[in-house]
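Encoded as structure tokens, the structure appears first; notes follow it.
Predicted model only: the values in this text are computed from it and were never measured.
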Amino acid sequence: MKQILSIQSAVAYGFAGNSAAVFPLRRAGLDVWPVLTVTYSNHTGYGAWRGPAIPPEAVADVVTGIDERGVLAQVDAVLTGYQGSAAMGEAILDAVALVKRRNPGAVYCADPVFGDVGRGIFVAPGIAEFMRDAVTPVADIMTPNLFELGFITGLPTDTLPQAVAAARRLREMGPSTVLITSVTDPSDSGDTIRMIAIDDTGAWSVETPFLRRDVFGSGFVGSGDLTAAMFLARLLSGDALPDALATTASIVFSILKKTDDLGLLELALVQAQDDVVAPTWTFAATPLA
């Protein structure tokens, strides 16, 4: 069984961060050791929340405690998402380095959560730059959206060919495997959306229907956390890149469609849990030049 150390936020009500990643990962047959960076009543899209942000030194202390059990060598991957401060980011990178010392074969999957098309940068000053300058060079897998891809690489991402070129540039900056979410092209009808993935074997795209939602001033909250988790799960399970991409898109769309059909504000992770192992909707990946 593959083991993942997932260092992310958590919410009591709803699904974001570890609350969106841990259950689907376990349902997919992987074990997860969650380390929390915040523990909020609900995600911040509601505009009000309660609960503490965990100090970076406390996060480091938890990782140290795990290491003292002598088990970090069992970790196959570290998964991270939103990082609330540069200090937290440093603590997370220290944890990644420690895991890799214990198991040189472990991989680091970073979802660089800091901005989105139409919203711009929505995190504290310095976080986006930290993700670009400190996280990108050490990540093995990165899963940015189109806006984050453009910011990190400094390249335009307005068209599909531009997004592919930027993804290839991102690989040159550090991560060997890149997944780009929410990719569009001016020639699209507006009814579809893509994910693209690139590694040293090539570039692939998968297209799904576009489910429009703007409940919290964005799309489905937690869907990016779910996507990164499922993509990592498929890679750890041994899928080749096109299969990992296609299955990830199929799982995520099936869960989002169930969420939409039920009229839920929060992801239907429990109601659609069987879609993690057998997606209702399936999509194929196609190669890109």
**Asked** Side chains of Ser182 and Asn145: do they bring a donor and an acceptor to under 3.5 Å?
**Response** no
**Request:** Return each pair, listed once, that meets salt bridge (charged side-chain N to carboxylate O under 4.0 Å, His left out) where at least one residue sits in residues 242-264; pairs must be two or more places apart or across chains.
**Result:** Arg213-Asp260, Lys257-Asp261
**Asked** Quick check: does any side chain N or O of Ser19 sit under 3.5 Å from a backbone N or O of Val11, one acting as donor and the other as acceptor?
**Response** yes
**Message:** Quick one: does any side-chain atom of Asp199 pair with a main-chain N or O of Thr201 as donor and acceptor, under 3.5 Å?
**Reply:** yes
**Message:** Under a 3.5 Å threshold, yes or no: a donor from one side chain and an acceptor from the other, between Ser237 and Asp239?
**Reply:** no
**Request:** Please answer whether the main-chain N or O of Leu269 pairs with a side-chain N or O of Gln273 as donor and acceptor at a distance below 3.5 Å.
**Result:** no
**Item:** Asn42 side chain vs Tyr13 backbone, donor-acceptor pair below 3.5 Å
**Value:** no
**Asked** Can you check whether Pro144 reaches Ile180 side chain to side chain, under 4.5 Å on heavy atoms?
**Response** yes
**Message:** Please tell me whether Thr80 and Tyr108 have a donor and an acceptor in their side chains that are separated by less than 3.5 angstrom.
**Reply:** yes
**Prompt:** Are side-chain heavy atoms of Glu207 and Ile193 found at a separation under 4.5 Å?
**Reply:** no
**Asked** Is the backbone N or O of Ala244 less than 3.5 Å from a side-chain atom of Thr247, with the two atoms forming a donor-acceptor pair by type?
**Response** no
**Asked** Counting distance only, does the side-chain N/O of Thr259 pair as donor-acceptor with the main-chain N or O of Ala268 below 3.5 Å?
**Response** yes
**Asked** Do Thr37 and Tyr82 pass the side chain to side chain donor-acceptor pair (under 3.5 Å) test, and can you show the C-alpha distance, the side-chain angles, and the key distance before you say yes or no?
**Response** CA-CA 9 Å; Thr37 57; Tyr82 170 72; over 6 Å; no
**Short side-chain to backbone donor-acceptor contact, Arg168 and Val164, under 3.5 Å** = no
**Message:** What verdict does the salt bridge (charged side-chain N to carboxylate O under 4.0 Å, His left out) test give for Glu129 and Arg132, after you've listed the backbone C-alpha separation in whole Å, the side-chain angles of each residue and the deciding distance to 0.1 Å?
**Reply:** CA-CA 5 Å; Glu129 291 79 6; Arg132 179 190 64 202; 5.4 Å; no
**Item:** Evaluation steps, ring-ring contact (aromatic ring centres under 6.0 Å, His included), between His43 and Tyr40
**Value:** CA-CA 7 Å; His43 67 68; Tyr40 287 162; over 10 Å; no
**Asked** Going by the angle between their ring planes, with limits at 30° and 60°, are Trp281 and Phe253 parallel, tilted or perpendicular?
**Response** perpendicular
**Asked** Hey, which of Val107, Asp76, Leu236 is the one that makes side-chain contact (heavy atoms from CB on, under 4.5 Å) with Ile4?
**Response** Leu236
**Asked** Can you check whether Asp185's main-chain N or O pairs, donor with acceptor, with Thr159's side chain at less than 3.5 Å?
**Response** no
Distance-only check: which donor-acceptor pairs under 3.5 Å involve side-chain atoms of residues 282-289, not counting sequence neighbours?
{"residue": "Thr286", "atom": "OG1", "partner": "Ser205", "partner atom": "O", "Å": "3.4"}

**Message:** Set out, in order, the CA-CA distance, both residues' side-chain angles and the distance that settles salt bridge (charged side-chain N to carboxylate O under 4.0 Å, His left out) for Asp275 and Arg27, then state yes or no.
**Reply:** CA-CA 10 Å; Asp275 285 300; Arg27 187 69 177 83; over 6 Å; no
**Prompt:** Should Leu98 and Trp33 be counted in the same cluster of Ile, Leu, Val, Met, Phe, Trp and Tyr side chains packed under 4.5 Å apart?
**Reply:** yes
**Prompt:** Judged by atom type as modelled, is there a donor-acceptor pair below 3.5 Å linking the side chain of Arg171 to the main-chain atoms of Ser176?
**Reply:** yes
